[in-house]
Undergrad: 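Attaching a single structure in structure tokens format; questions to follow.
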Amino acid sequence: MSTKKSPGATPSVVTQVRQVSGALKAVYGHLLDVGDLEGLPPHEQEPRLLSRALTAQAVRIVTGFSPQEAARTVIDGHADQGIDAIAVVDGPHPHVYLVQGKWSPEGRAAADRKAVLELFAGLRLIDDEDFAPFNPRGRQLAEFAKTVMDGGPVPVTQVVVLMRPDEPGIGFRDALTNGEKEFNRYGEILDHRIILASEVWESVRKDLTPKPVQLTATLFPWFGISSPYESYQGVVMAEEVAEWAASGSSLFNLNIRNPLGRTPINNALIETLTQEPAYFWYFNNGITVLCDSVEKAQQNRRAPQHHPLTLTLHNASVVNGAQTVRSVAEALASDDAAAQAQIGVRIIVTGAVEDFSRETTKATNRQNSVGARDFIALDPVQAAILEEMRAELGLEYSVRRSELEPPEEAGCSVVEAACALACAQNDSQYAARMGVSLDVLWERGSQGIYDVLFKPQPGAYLLWNAVQILREVRRALYGLRTRYEGRGAALTEHGVYLITHLVFRLLDTESIDEPDPGLEWYKASTPRTRELVEQLLPVVAASIDELYNERSQIRAVCSDIERCRELSAHVLQLVRTGDADKTPDKYKRARTQRKRRRPNAVSVLVDKQIVSDGDPLALKSRHPSEEEALRHWLAEDDRRSRATWVSHRTKPLLWAADGKQYSPSGLITRMWELAQWEKRPVANQGTARWTVATGETLADLAWSALAELEESAEEDPDRN
């Protein structure tokens, strides 16, 4: 007997629970208020979080709310009065939903008559306008629900969502129907709905499925093929293709990758579109689109090929030519001449045959995975920070991974902000954990870092002052690194976050979060920060040797939580007692010693593939005089301070202002010339002036890679 499941068969409840659990945590983990769960062991936290997420999902099923809106309806917790969520649909067709959720990791949620009685008791409180027994959020939502209910005969539905496969018993259902009689004496107002595991599973599956894209394509000239798959090939005008880009990433659902950022290929496409649009059809391979079905609008029945053919494509996906679509949209946005370009388009109607679609596209999944870093863009806290940064300080705050990072003087990214806020914590563990990977910044829950940094929401002044201190520490270490060798030089690379943490502990941070439009706190703290970095570097190096011996690896120590805690306490004690001044500066380079020449930074970055093609870069002025000379010129066009990385050994920077490639130093020189800076230096270090999302410069990344290799070699000098 075959054990294979037929296509489309409903999976077992165990599979449903596993898939629903993953989906609920991914969607609601960053949306739900779980502050009351902090301190509980993980095995108690997770089921409570999932129960709330299940309740929110049930709200979405019955109301059509967004995840954010559904999360805000959840009142589960102390004093919820037996109601886990109160969802009010206002407007011309008002409706009130009282939701109770029962999660079970085994898919055996109990249908408890007692829970039904509690649900009715909560409804009575709302009907009697007795809101005081509810918790704060419940009180607010209960009052809103009652206001809507009093506006007329408004239906009320009690929703019970049970993570189990089968209907509850007769006793449970009777408790619901009998309780409704009390409220339906003068009209059918109250009813109920039971949602089981299969319906929840279907809803999360639907959430994970991209919304179908519908496109319009007008082909002329064109020809069609009827078998084995209905297909069309022809020419579409650029203006119509540009409209396709409005569908966003869903348009490329079946493609092996979404469109990349600005790249040489992308740049060449735009150049042809704007300068030689008539040649684009000859130089471009065109676009291939798959769709499930098509509607045709022919202008002539007897000779259709002599007239344009308009097709409406249902569930369309561009499987080849994603860069072309994006480039056409960008070109038309900058130059109307691109509208004259003609694009070769091939359309294949697959009839939703998945095997054929996969074979055609040579891919089954998107290349660009979605991780925790991406989900924070949905967190309302981040939107609130962005608004406050603009309102208070006139600064930009970039959250989404694909966004270009703002120049230093214009703002910061969420990555740099998170790094700075982590360093500012009293516990050095966060600085240590970042030493391994910045991915830990986006972890949620009691052991994660994200909620520690952003819940409650940090104020704009705290965030910006913290970022400024981190930047100042980076600048100071950058200036010191050539004065140190061996383990001291390694510490300037791998000890950035630990030393920043120590600086925060030694600064007077009492007013760091106070409203301060003039940024007086930061201005006063800047010289002290430089002094502390110069003082701390030799003390930390010597302390590592003392506590963990001279053979310990600097990078390993700076990324070890317990060692960082011990080391921080030791160093802070030395500094505060004055004993730090007695510490020998054992790794300081002798003045007469000739500095060993290091490899070219760009070569290191290309060889080690440290920066990826298409990664955005932002300008970072190295000196006040340079910043002053370029300020007004850069303000005239924000593209002047932006570039994109291209893996090229001599010209890896594609400048957003003109779409041309430069060497880092060559681009800086060109910018100085265009800005007409009369006192510009003869030479510059370009890699020290372009930063990635973390705020690190290209030079920082190259030096760090070299220091790691050199330190490893020192640890094992006899290795092959």
Side-chain angles (χ1 to χ4, degrees), residues 210-255 258-259 265-266 268-353 356-357 360-361:
K211 298 296 183 290
V213 172
Q214 181 173 297
L215 300 179
T216 298
T218 303
L219 285 71
F220 189 75
W222 63 275
F223 68 90
I225 298 175
S226 59
S227 178
Y229 290 94
E230 182 181 3
S231 306
Y232 302 88
Q233 186 162 342
V235 174
V236 177
M237 298 304 296
E239 195 167 12
E240 192 168 47
V241 171
E243 293 174 358
W244 296 355
S247 299
S249 59
S250 295
L251 177 60
F252 313 106
N253 180 45
L254 296 179
N255 205 324
N258 287 325
I265 294 175
N266 172 281
L269 291 173
I270 293 175
E271 183 176 350
T272 302
L273 284 162
T274 55
Q275 297 182 15
E276 298 178 300
Y279 285 76
F280 190 79
W281 185 87
Y282 301 98
F283 296 165
N284 182 257
N285 291 330
I287 301 168
T288 299
V289 184
L290 302 188
C291 64
D292 287 354
S293 60
V294 65
E295 294 176 17
K296 296 179 289 185
Q298 295 174 327
Q299 294 187 6
N300 187 283
R301 295 292 179 183
R302 291 176 296 172
Q305 278 81 11
H306 295 166
H307 300 271
L309 173 67
T310 299
L311 301 175
T312 301
L313 315 180
H314 298 284
N315 198 16
S317 179
V318 172
V319 297
N320 189 274
Q323 287 295 96
T324 299
V325 174
R326 182 64 55 83
S327 298
V328 169
E330 290 185 18
L332 259 73
S334 62
D335 193 333
D336 291 341
Q340 303 173 29
Q342 296 177 316
I343 319 295
V345 175
R346 183 173 58 152
I347 297 166
I348 303 173
V349 185
T350 66
V353 178
F356 177 71
S357 298
T360 304
T361 61

Undergrad: Please check if the side chain of E240 supplies one atom and the backbone of T218 the other of a donor-acceptor pair under 3.5 Å.
TA: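 A pair under 3.5 Å: yes.
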
Undergrad: How long is the straight-line distance from CZ of R346 back to CG of N285, given to the nearest 0.5 Å?
TA: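 Answer rounded to 0.5 Å: 11.0 Å.
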
Undergrad: Just how far is it from atom CZ of F280 to atom CD of Q342, taken to the nearest 0.5 Å?
TA: 11.5 Å

Undergrad: How many angstroms lie between atom CG of L332 and atom CD1 of I270, to the nearest 0.5 angstrom?
TA: 11.0 Å

Undergrad: Does E239 have more than 12 heavy atoms from other residues, nucleotides or ligands lying within 6.0 Å of its CD?
TA: no

Undergrad: Find the distance between CD (Q214) and CG (N315) and round it off to the nearest 0.5 Å.
TA: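 It comes to 10.5 Å.
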
Undergrad: So which atom in F283 and which in T272 form the shortest heavy-atom distance, rounded to 0.1 Å?
TA: CD1-CG2, 3.8 Å

Undergrad: Over all heavy atoms of both residues, which pair between A238 and I343 is shortest? Give the atoms and the distance, please.
TA: CA-CG1, 4.1 Å

Undergrad: Mind listing the closest non-hydrogen atom pair of V289 and A316 along with its distance?
TA: CG1-CB, 4.0 Å

Undergrad: Are the side chain of W281 and the backbone N or O of G286 linked by a donor-acceptor pair below 3.5 Å?
TA: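 Not at all, since once roles are kept as given, no pair shorter than 3.5 Å links the two residues.
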
Undergrad: With a 4.5 Å cut-off on side-chain heavy atoms, are V236 and I287 touching?
TA: no

Undergrad: What distance do L313 atom CG and I348 atom CD1 have between them, rounded to the nearest 0.5 Å?
TA: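 Spacing of CG (L313) from CD1 (I348) equals 11.5 Å.
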
Undergrad: Does T324 reach the side chain of N284, with side-chain heavy atoms less than 4.5 Å apart?
TA: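 Yes - at least one pair of side-chain heavy atoms lies under 4.5 Å apart.
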
Undergrad: Quick check on D335: does its CG atom have over 12 non-hydrogen neighbours (other residues, nucleotides or ligands) under 6.0 Å away?
TA: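 Enclosed: over 12 neighbouring heavy atoms sit under 6.0 Å from CG of D335.
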
Undergrad: Is there side-chain contact between T350 and D292, with heavy atoms separated by less than 4.5 Å?
TA: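 SC-SC contact between T350 and D292 confirmed.
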
Undergrad: At what distance, to the nearest 0.5 angstrom, does CD1 of I225 lie from CD of Q233?
TA: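 I225 atom CD1 to Q233 atom CD measures 7.5 Å (nearest 0.5 Å).
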
Undergrad: How close do Y232 and K296 get, heavy atom to heavy atom, and via which atoms?
TA: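 For Y232 versus K296, the nearest heavy atoms are OH-CD, 2.9 Å.
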
Undergrad: What closest approach, in Å, do A245 and A329 show between heavy atoms, and which atom pair accounts for it?
TA: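 Answer, listing the atom of A245 first, then A329: CB-CB, 3.8 Å.
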
Undergrad: Measure across A338 and P277 and return the closest heavy-atom pair with its distance rounded to 0.1 Å.
TA: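 Looking at all heavy atoms of both residues, the shortest contact is CA-CB, 4.5 Å.
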
Undergrad: Give a yes or no answer on whether the side chain of W244 reaches the backbone of T216 with a donor-acceptor pair at less than 3.5 Å.
TA: yes

